[in-house]
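Notes follow once the structure below has been shown.
Just follow the structure's listing: the first ligand is 1, and inside any ligand the first atom is 1.
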Amino acid sequence: MPDVFTLNDLISRDRLDAGQSKPAKLAVIGFPVSHSASPRLQQPALDATGIDARYIRVEVEPGKVGEAFDRMRALGFIGCNVTVPHKFEAMEWCADVHPEARSLGSVNTVRFDADLTRGFNTDGPGFVRAIADDFETSLSTQKVFIAGAGGGAGQAVAIQCALQGVEKLVVVNRSFEKLGPLVNRLRALGSMTEVIALSFDDPSLAEQCHDCDLIVNTSSVGLKTGDPSILPADCLKKSHLVYDTIYQPAVTPLLAVANEVGCQTANGLSLLIHQGVLAFQHWFPQTDPLAVMRQAMGRK
Ligand code: ATR
């Protein structure tokens, strides 16, 4: 049984389920997808809830998301998660997109209902819960500084902040031009949030950072061994809450610097868990897999 399935495997149950006691009914699709931690939290939740289903990884090439949905639907799948780079393409193939996902501009959770394919986004709401969980505070009360806001994760976090009505949002990106569309989207939401877009070499970077309460890394800087901290120590102060959406390594270069400054810090494990809980609840309403997923990921 392969660790990662492909679109070609989604042709028959024989191929998917050979030698398995449970049928594959949920999946995460991505390209690549072998790194996805979702099966590690979703399968224990399925098992603990007594649901006779397997959660698998399926590698789907860009441009093939619609075909993957059709095949999963034909095989009787309940739904799927969608990871990089398919979160935008997935939205196009959902006949019904939840308003929150529409605002966030991407879909990470899909449910194959009898009538329609429905799309949701649990990254944004998962982030709200992660901040509440790790820092015992409400995101809506924070002035937020997002480093690396040009990618998919940055967009979801930034828009969620505006949806929560934060007073101030500073978005920073290496490629400054990528912030234009994001800022337009943020303004189109019509929230009262003050939005400031900066590049990393802006002379006011440290001052703007000091004026915020919550600092978030949504860039991929910190994933690879030897990566630097996305922000220098002089941007941080002791009262900052510092959240890194990366969870591997557990202490990213940014969090190491923040720890030295004396900030409260947390990594992206809570986001991984909460987006997973919310996805599970879209498939199985009236369940509460939080404790099982926490335990599966080694959290209390
Ligand atoms: P995704 O869409 O999966 O979130 P992405 O498009 O690769 O991923 O975006 C990752 C983010 O990390 C972007 O904000 C990217 O900045 P650019 O838009 O300028 O590429 C940021 N990033 C990646 N490597 C970086 C680096 N070495 N320094 C600063 N930012 C970096």
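- Partner Asp96 forms a salt bridge (charged side-chain N to carboxylate O under 4.0 Å, His left out) with one of Arg102, Arg111, Arg118 and no other, that one being Arg118.
- Counting the atoms of ligand 1 from 1 in the order shown, those under 4.0 Å from a heavy atom of Val84 are 3 (O).
- Atom-to-atom distance recorded for Ile146:CD1 and Leu214:CG is 8.5 Å, nearest 0.5 angstrom.
- Atom SG in Cys263 sits 9.5 Å away from atom CG in Leu255 (nearest 0.5 Å).
- Short contacts between ligand 1 and Gly152, defined as distances under 4.0 Å to a heavy atom of the residue, involve ligand atoms 1 (P), 2 (O), 4 (O).
- When side chains are defined from C-beta on, Lys237 does not count as touching Cys209, because their heavy atoms never get closer than 4.5 Å.
- Applying the 4.0 Å criterion to heavy atoms of Ala153 picks out, from ligand 1, the atoms 4 (O).
- If you number the atoms of ligand 1 from 1 as listed, the ones under 4.0 Å from a heavy atom of Ser175 come out as 17 (P), 18 (O), 19 (O), 20 (O).
- Among Val221, Val172, Leu182, Asn217, the residue whose heavy atom lies closest to atom 30 (N) of ligand 1 is Val221.
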Evaluation steps, side-chain contact (heavy atoms from CB on, under 4.5 Å), between Ile29 and Phe69:
CA-CA 10 Å; Ile29 65 164; Phe69 285 1; 4.0 Å; yes
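- Where the criterion is an N or O separation shorter than 3.5 Å, residue side chain and backbone included, Gly150 meets it with respect to ligand 1.
- The N/O atoms of Ile230, backbone and side chain alike, include none that comes under 3.5 Å of an N/O atom in ligand 1.
- On a distance-only criterion, Thr218 and ligand 1 share no N/O pair closer than 3.5 Å.
- Closest approach of Pro85 to Pro62, counting heavy atoms only: CG-CG, 4.3 Å.
- Scanning both residues, Val65 and Glu89, for their nearest heavy atoms gives N-OE2, 3.2 Å.
- Salt bridge status for Asp133 with Arg129: absent, with no side-chain N to carboxylate O gap under 4.0 Å.
- Every atom of ligand 1 with a heavy atom of Lys178 under 4.0 Å away is listed here by number and element: 17 (P), 18 (O), 20 (O).
- Here the CD1-CG distance, from Ile246 to Asn267, works out to 9.5 Å after rounding to the nearest 0.5 Å.
- There is no protein heavy atom less than 4.0 angstrom from atom 7 (O) of ligand 1.
- Atom 23 (C) of ligand 1 has Ser220 OG, 3.3 Å as its closest protein atom, hydrogens excluded (heavy atom only).
- The shortest N or O to N or O distance between Arg174 and ligand 1 is below 3.5 Å.
- Using a 4.0 Å heavy-atom cutoff, Gly154 is absent from the residues neighbouring ligand 1.
- Taking a cut-off of under 4.0 Å to the non-hydrogen atoms of Gly148, the atoms of ligand 1 that pass are 14 (O).
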